[in-house]
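These notes concern the structure reproduced below.
What you see is a predicted model, and the numbers here were worked out from it, not measured in a lab. In what follows, chains are A, B, ... by sequence order, proteins preceding strands, each numbered from 1.
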Number of protein chains: 2
Amino acid sequence: MTARGETRGRLLRTAAELFQRQGYHGTGLNQVLADSRAPKGSLYFHFPGGKEELAAEAVTLSGRELGEVFAGLMEAAPDARTALATVGEHFARSLEDSAFQKGCPVATVALEAAAESEPIRAACDAVYAAWQSVFATALRGWGVREERADSFADTVLSSLQGAVLLARIRRDVSVIHRTARDLGDLIDGRSPSPV
Amino acid sequence: MTARGETRGRLLRTAAELFQRQGYHGTGLNQVLADSRAPKGSLYFHFPGGKEELAAEAVTLSGRELGEVFAGLMEAAPDARTALATVGEHFARSLEDSAFQKGCPVATVALEAAAESEPIRAACDAVYAAWQSVFATALRGWGVREERADSFADTVLSSLQGAVLLARIRRDVSVIHRTARDLGDLIDGRSPSPV
DNA sequence: CCAAGAATAGACCGATTGGTCTAGAGAGGG
DNA sequence: CCCTCTCTAGACCAATCGGTCTATTCTTGG
């Protein structure tokens, strides 16, 4: 019937999706259970730590997947400007395709739960660290000075996170594209491109 | 005894503080009531719309106050670089003074509730629009080309929001300072300053 | 073929949630 | 003085919360 570990995976997927849309406290376990078509016993069998453990793993999962998307986009892009535009486009499409419900899969849970749950905070921290590393590696490949790559990658990560947040609230993705372009200007070290 | 409207104001203050620290769904009305030393009847008398109306007004309040702080800092700073450093310093101190519990008073509630409550979304939207306007005005005063000021102000707002988010998760404010410096570089239109 | 462990299934729990409702205290104008 | 309106006070409600527990159904190795 159900393959080993399938229920566990389905719970994780459902949880990741719901946490991304509704946040940590805004998502009830009963909803996760119903959407996963799993009984409560299975949840606490696979995640003895309860909601907290489920959230930490869900964030880790979506973070790893999105990180792999980033890495792929970085590899395919010829330069920083193009890469940032592509990443911005990815977030913009995710927002628009979900009626502005799905922004960053980490940010909401991070802000909500980081103060009260160390495991969740650590999971979010690890995801952001991995993303930053992807950006830093790519920037080095495009000739950014070694000692500046990490710092720049942080700025890229910050700006994108903020832009996705703003876009979600405004229900308008244009801020993402403009921010991505400004980041390109910054990394190229040239004066901002005229509009 | 209690002056007119005093209870209402106390409820708003308490709510703003708790929502900033714990988010919308993470904060129960009973806690707001207890911290405000107000009975439930008063809450629903002053805020017939319940929790939703309370949150919208609380976000508006803290947003306006922080916006005034921004305006003051902009006015006092001689140039964009200095101003951004000062704003970053303000957020950094808020985080450190609160054991990384108090980041942006809007972002958490915005991400949590924007999708499910239009009044709250609109309130957050208005706060961000006001902040953006403060930055844009200041940038124009520092010689940024008129048609670029609004767009730059958006990038500044995005980057700061993201940096404060990252700093809170990492429990390390350095990303705020570095992002503020990079923003200064961008606006000055010069190559990034060597480390 | 059967015993043992893995996993499912859901009833059940106390606590808490946001919200409603009735009663009465307090103050100000007539 | 007293009536009226504002506001306080908190009991009460159904619904939902995250979590525990026991019973049962699979699956698999011996």
Original post:
Counting just side-chain N and O atoms, does B/N30 come under 4.0 Å of either OP1 or OP2 of C/dT17?
Top reply: yes
**OP:** Given side chain to side chain donor-acceptor pair (under 3.5 Å), test A/Y24 with B/E112 step by step and report yes or no.
**Re:** CA-CA 9 Å; A/Y24 181 70; B/E112 278 185 277; over 6 Å; no
**OP:** Could you state the atom-to-atom distance from CG of B/L29 to P of D/dC12 in whole Å?
**Re:** 20 Å
Original post:
Do the non-hydrogen side-chain atoms of B/L166 and A/Q132 ever get within less than 4.5 Å of each other?
Top reply: no
Original post:
Separation of A/Y24 atom OH from D/dC17 atom C1', in whole Å?
Top reply: 12 Å
Original post:
Whole-Å distance between D/dC7 C1' and B/F47 CZ?
Top reply: 13 Å
Original post:
Roughly how many Å is it from CG in A/L11 to C1' in C/dT8, rounded to a whole number?
Top reply: 11 Å
Original post:
Counting any heavy atom closer than 4.0 Å, what does A/G41 reach on the DNA or RNA strands: base, sugar-phosphate only, or nothing?
Top reply: base
Subject >> Rounded distance (Å) that lies between atom P of D/dC7 and atom CZ of B/R10 >> reply: 14 Å
Original post:
Does a nitrogen or oxygen in the side chain of A/H46 sit under 4.0 Å from OP1 or OP2 of C/dA6?
Top reply: no
Subject >> Spacing of A/E6 atom CD relative to C/dA7 atom C1', expressed in whole Å >> reply: 13 Å
Original post:
Can you tell me if the side-chain N/O atoms of A/T7 get under 4.0 Å from OP1 or OP2 in C/dA7?
Top reply: no
Original post:
Between C/dG10 atom P and A/L33 atom CG, what is the distance in whole Å?
Top reply: 10 Å
Subject >> Gap between atoms CG and P, on A/L43 and D/dT20 respectively (whole Å) >> reply: 12 Å
Original post:
Are A/E53 and A/H46 close enough that a side-chain donor and a side-chain acceptor fall under 3.5 Å?
Top reply: no
Original post:
So do B/W142 and B/M74 actually touch side chain to side chain, heavy atoms under 4.5 Å?
Top reply: yes
Original post:
A/H25 side chain N/O closer than 4.0 Å to the phosphate oxygens (OP1, OP2) of C/dT17?
Top reply: no
**OP:** Would you mind telling me which of C/dG19, D/dG18, D/dT8 lies closest to the side-chain atoms of B/F45?
**Re:** D/dT8
Original post:
Considering only D/dA9, C/dA9, D/dG18, which nucleotide approaches the side chain of B/P39 most closely?
Top reply: D/dA9
Subject >> Rounded distance [0.5 Å steps], CG in A/L84 versus CZ in A/R181 >> reply: 12.5 Å
Original post:
Should A/S42 be listed as having a side-chain N or O under 4.0 Å from OP1 or OP2 of C/dA9?
Top reply: no
**OP:** Could you tell me whether B/K40 contacts a base, only the sugar-phosphate backbone, or nothing, with contacts defined as non-hydrogen atoms closer than 4.0 Å?
**Re:** base
